[in-house]
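In what follows, a structure is listed as structure tokens, so that the remarks can point back to it.
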Amino acid sequence: MSQNLTMSPDLGTEDWDPDVITRMIFIGPGAHVSEQEVVSEFHMLGLPLTIKNTCYGSMISGKSEDVYKAIEEIRKLDPNHIFTKERGFAPGDPRRCRGHRFGPREGFHQMEKEYRILGFVSNALENPKEVEIEEKKPVDVDEFKKIMNECLENKE
Amino acid sequence: MVKIAIYPPNSLILADLLERKGHTPLVLQKQIRQKIKDPEIDSPPMNITEEDPIKGLKYAAIEVPSGVRGRMAIIGPLIDEAEAAIVVDGAPYGFGCIGCARTNELSIFLLRNKDIPVLELTYPTNQDETYAMVNEINEFVDSLEETDKEEE
Amino acid sequence: MVKIALVSCGTEYSGIQKEIEKAANKFGAEIVLPEIDLDYIDESYEKFGFSAQSSSLKLMIARAMAIVEGRSKPDAVFIATCFRCAEAALVRNEVRRFIQNNTRIPVVTYSFTERTKADELFIRMEALATTVTRRSILAREKQEGLTLGLDSGSTTTKAVLMENNKVIGTGWTSTKDIIESAKTAAAEAFEQTDYGWDDLDGIGTTGYGRFTMGQEFGAELIQEELSVNAKGAVYLADCQKGEATVLDIGGMDNKVITVNNGIPDNFTMGGICAGASGRFLDMTSRRLDVDITELGPLAVQGDWRKAMLNSYCIVFGIQDLVTTLAAGGSKADVAAAACHSVSEQVYEQQLQEIDIREPLIQVGGTSLISGLVEAVSETLGGIEVIVPEYSQHIGAVGAALLVSGMGHRQDNK
């Protein structure tokens, strides 16, 4: 297949509808639900949505009203471990889909990195508590000098 | 409900934490969606055309690189709409829209200069820092609600 | 299909992604993005050692690394970043060097604006695609047999006859009808030798009229001027290895080509202002009532600081020079000021867009004006400027060199 980065997409009417939106649903570490359960729940809602399983959770697409309703319901399954965000491109849009375009997708790596602290966020939501964070300050000049001299002495 | 700009403007965690509290995070993806769903434009993949860097002149002068102005044409309207902002320093950045440091510097400056409540945070690296971040965001959002009520 | 890897930042946001693809497709090439994962991006960014703030530049570095390490195997690389971005310009040049030093993959770089259209990218993509498909030809370092190079430019047509690695005849005429002008220039070149059309082993054509001439004379090589001029310049200046910059201040437009091991990798062309062209010097010499060939030596004797010149403009600038003369200024100072003015404007309009590499090889008709060559060197902070013999025939020499070995006209005789 010839790689074409800037193909003009052949999309259906629904894909062009500005009211049709896409959301990504992430299931954080330590969740009480599985990806499969989330997907089944989406189906059970009986809303006219396109539902897709993904490596991080799932992706749903449909009229904004239905999508927001579904998100509200799905969060109830495990409020502190289910996270969600908007996606610009619809699932499988050839302009963004890796299968067509190759190369990493623009937002993907950021998502990967944010995912790494999702567990911490879940904990903070689950058991809110006050914490004291010590601010890091540059080392005192005298202290610096002392350590430096110690190091130099040790070397000799 | 307050429209809150977030930086990075496509952050999962920031958008999610605000939405939970019933506020509207002003996210980049909605802007992108608007663009790519316009069947009148055929400039794949993002449907950004030479018109966008020109629209970006509203935010940056002609001597500023076209890539910055093109990005500002997408991010700028979010800043214009913002009633409050949360800026996270040291957050991981994706590529694409937010892959340009100059654009990010300008966007953050515009948010800070906008005479709206701005919360500045540092991206957490451990459990305790994450607690602190979540707490600060919640407190900030609650304070917005109070001013919102007072105004009513 | 020739695969060209895109290593860039800002192309999508400047709205030119599709133009790049269009330009590549025109020359039977396709644009590809080296596929890499997050860990590899972090790893290669650290290995490379350039602390870029923009994450898209980190991605750019990682894509370059993927090419150098052979994870991605494109035939050519197109490196592009936004014009006027300092951070990106630094990364662009370092990434370019990195790929050139570690692979044999041809590279072309470009700094773009939202105004960049496919047409501007064509010549770069053509140069890239031909470098890939004609690498063996571009590798030629010695001329053999008897070959004719024809360069049909927009104002002049040049012909050069070469035999056994030496120029034996040259011809020059202003371009009117493409074919007739080529015949006139060739006849002039033949006159200096005992040879005629029937003795040739091969013909190479370049320049604006290359296709028309190529068809008429059945040329063995028809090649764009970017590769040909670069090759001709490094051949004549004996700089076939390593880096160099070729500068051609023309009668109407100017070209700057950067070269790595004889192969061009960046190029700028400008022609919007007569004040930055040979035309300015032509006008000056007429005002001074000296022949254009005398202008250079005259300028070398003068001091540009002594002549008032407030404008680069061919109208206002020349007026200033006339005023200086009327006030009793010397012709030499005025000549020097004119050369200085052209060189400064070429610098401001064009040389800033490109990373100048030493030595600078100045070619084209204006390279014979010694005062201009001196001014260029001074403008660029005393850089070494080489003006090789036959510098005014550079395209024709390049064509004659590159076609040797390709033509076998005498074999059947």
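Lettering of chains follows the sequences in order, A, B, ..., and the numbering in each one begins at 1. Keep in mind that what you see is a predicted model, and the values were worked out from it rather than measured.
Residue B/E136: no heavy atom, backbone or side chain, is found under 4.5 Å from chain A. Contacts of B/I98 with chain A are made by side-chain atoms alone, with heavy-atom separations under 4.5 Å and no backbone atom involved. Contacts of A/Y115 with chain B are absent, with no heavy-atom separation under 4.5 Å from either backbone or side chain. Proximity to chain A (any heavy atom under 4.5 Å) is restricted, for B/D38, to the backbone atoms N, CA, C and O. In this structure, chain B has no heavy atom under 4.5 Å from any part of A/R116.
Contact residues of residues 113-131 of chain B toward chain A are B/Y123, B/P124, B/T125, B/N126, B/Q127, B/D128, B/E129, B/T130, B/Y131 (heavy-atom distance under 4.5 Å). At a heavy-atom cut-off of under 4.5 Å, chain B is reached by A/P79, A/N80, A/I82, A/F83, A/T84, A/K85, A/E86 from residues 79-86 of chain A, listed in order of number. Listed by sequence position, B/P92, B/Y93 are the residues of residues 60-93 of chain B in contact with chain A, using a 4.5 angstrom heavy-atom cutoff.
Comparing B/N135, B/L28, B/I36, B/L17 by heavy-atom pairs within less than 4.5 Å of chain A, the highest count is held by B/I36. Considering only heavy-atom pairs separated by less than 4.5 Å from chain B, the leading option among A/V121, A/N123, A/N127 is A/N123. Taking A/E112, A/K129, A/E130 one by one and counting their heavy-atom pairs under 4.5 Å with chain B, the maximum is reached by A/K129. The choice from B/I32, B/V134, B/L12 that makes the most heavy-atom pairs within less than 4.5 Å of chain A is B/L12. Chain B forms more heavy-atom pairs under 4.5 Å with one residue of A/E72, A/K113, A/R75 than with any other, namely A/R75. Considering only heavy-atom pairs separated by less than 4.5 Å from chain A, the leading option among B/E19, B/R20, B/Q31 is B/R20.
In this structure, the separation between SG on B/C100 and CD on B/E105 is 8.0 Å, given to the nearest 0.5 Å. Rounding to the nearest 0.5 angstrom, the gap separating the CD1 atom in B/I13 from the CD atom in A/Q110 is 9.5 Å. Atom CG of B/L144 is separated from atom CD1 of B/I4 by 5.5 Å, given to the nearest 0.5 angstrom. Remark: A/L49 CG to A/F42 CZ distance equals 7.5 Å, nearest 0.5 Å. The CZ atom of B/F109 sits 15.0 Å away from the CG atom of B/N104 when rounded to the nearest 0.5 Å. Separating the CD1 atom in A/I71 from the CG atom in B/D16 is a distance of 9.5 Å, to the nearest 0.5 Å.
Without hydrogens or angle criteria, B/K37 side chain to A/V20 main chain gives a donor-acceptor distance under 3.5 Å. Between the A/E37 side chain and the A/S34 main chain, a donor and an acceptor come within less than 3.5 Å of each other. Within the 3.5 Å criterion, the main-chain N or O of B/P8 finds no donor-acceptor partner in the side chain of B/S11. With B/H23 contributing its side chain and B/M1 its backbone, the two residues share no donor-acceptor pair below 3.5 Å. Judged purely by atom type and a 3.5 angstrom limit, B/R33 uses its side chain to pair as donor or acceptor with the backbone of A/R87. At least one donor-acceptor pair under 3.5 Å links the side chain of A/D78 to the backbone N or O of A/H32. Under the 3.5 Å distance criterion, the side-chain polar atoms of A/E35 are left unmatched by any main-chain donor or acceptor of A/T54.
With no hydrogens or angles considered, no side-chain donor-acceptor pair links B/N10 and B/Q29 at under 3.5 Å. In summary, the side chains of A/S61 and A/T50 do not present any donor paired with an acceptor at a separation below 3.5 Å, with no hydrogens or angles considered.
Closest heavy-atom contact between B/Y59 and B/L110: CD2-CD1, 4.1 Å.
A heavy-atom distance below 4.5 Å is not found between the side chains of A/K52 and A/V39.
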In a table with atom names and distances, give each donor-acceptor pair under 3.5 Å that connects a side chain of residues 132-149 of chain A to protein atoms at least two apart or in another chain.
unit_1, atom_1, unit_2, atom_2, d
A/D140, OD2, A/D142, N, 3.1
A/N149, ND2, A/K145, O, 3.3

